[in-house]
Amino acid sequence: MAHPEQSAADLCALRDRAKGAVAAELDAHCASYTFYEYDQPLLFASYWDWAAPARGRIHVSSGVWGMNVARTPGVDHLRLTEPPSAAYSDYVQGLENLRKVARVLQRDGTEAFGLK
């Protein structure tokens with residue numbers, strides 16, 4: 001997604017630096033994590049203890065054309081009830097679907113071959 005003030009190459013470099021920064025933060029605070037990448041649609045999601053009753057959190061945001069992805073609006077879904085809400089359950093199903101088709105990325109952002 002090109003930005004009027006940055007080239008596609010600049011945005012790719014920014015994306016790669018952001019992935020590294022996120023990975024460094026996760027290394028410091030998480031026992032485990034996995035990056036999945038899929039070409040379409042332009043949607044970002046973070047799943048935090050998503051399978052845990054009363055603790056799960058799913059954060060979802062979409063790209064906005066011409067806007068820095070760090071500033072795009074998002075929404076949080078919390079697992080506060082059992083069973084989880086329909087929207088929460090839909091995003092869990094979406095993650096399961098994504099895992100079947102997405103590329104798994106290594107910490108440096110390169111594809112991790114053989115992992116799914």
Test: salt bridge (charged side-chain N to carboxylate O under 4.0 Å, His left out). Region: residues 58-74. Which pairs qualify, not counting sequence neighbours? none

How many angstroms lie between atom [atom1] of [X] and atom [atom2] of [Y], to the nearest 0.5 angstrom?
| X | Y | atom1 | atom2 | value |
| --- | --- | --- | --- | --- |
| Phe44 | His59 | CZ | NE2 | 10.0 Å |
| Phe35 | Ser46 | CZ | OG | 9.0 Å |
| Asp27 | Ser32 | CG | OG | 11.0 Å |

Salt bridge (Lys or Arg N to Asp or Glu O under 4.0 Å) partners for Asp76, two or more places apart: Arg57

Apply salt bridge (Lys or Arg N to Asp or Glu O under 4.0 Å) to Arg17 and list each qualifying residue two or more places apart in sequence or on a separate chain. none

Applying side-chain contact (heavy atoms from CB on, under 4.5 Å), name anything that partners [X], two or more places apart in sequence or on another chain.
| X | answer |
| --- | --- |
| Ala52 | Asp49, Arg55 |
| Thr34 | Tyr36, Val104 |
| Asp90 | none |

Would you say Ile58 and Trp48 make side-chain contact, with heavy atoms under 4.5 Å? no

Please name the pair of heavy atoms, one in Val64 and one in Pro73, separated by the smallest distance, quoted to 0.1 Å. CG2-CD, 4.1 Å

Donor-acceptor pairs are to be reported for all side-chain atoms of residues 77-86 against protein atoms at under 3.5 Å, with residues two or more places apart or in another chain.
residue : atom : partner : partner atom : Å
Arg79   : NE   : Glu82   : OE2          : 2.8
Arg79   : NH1  : Trp50   : O            : 3.4
Arg79   : NH1  : Ala51   : O            : 3.0
Arg79   : NH2  : Glu82   : OE1          : 3.0
Arg79   : NH2  : Glu82   : OE2          : 3.2
Thr81   : OG1  : Pro83   : O            : 3.0
Ser85   : OG   : Tyr88   : N            : 3.1

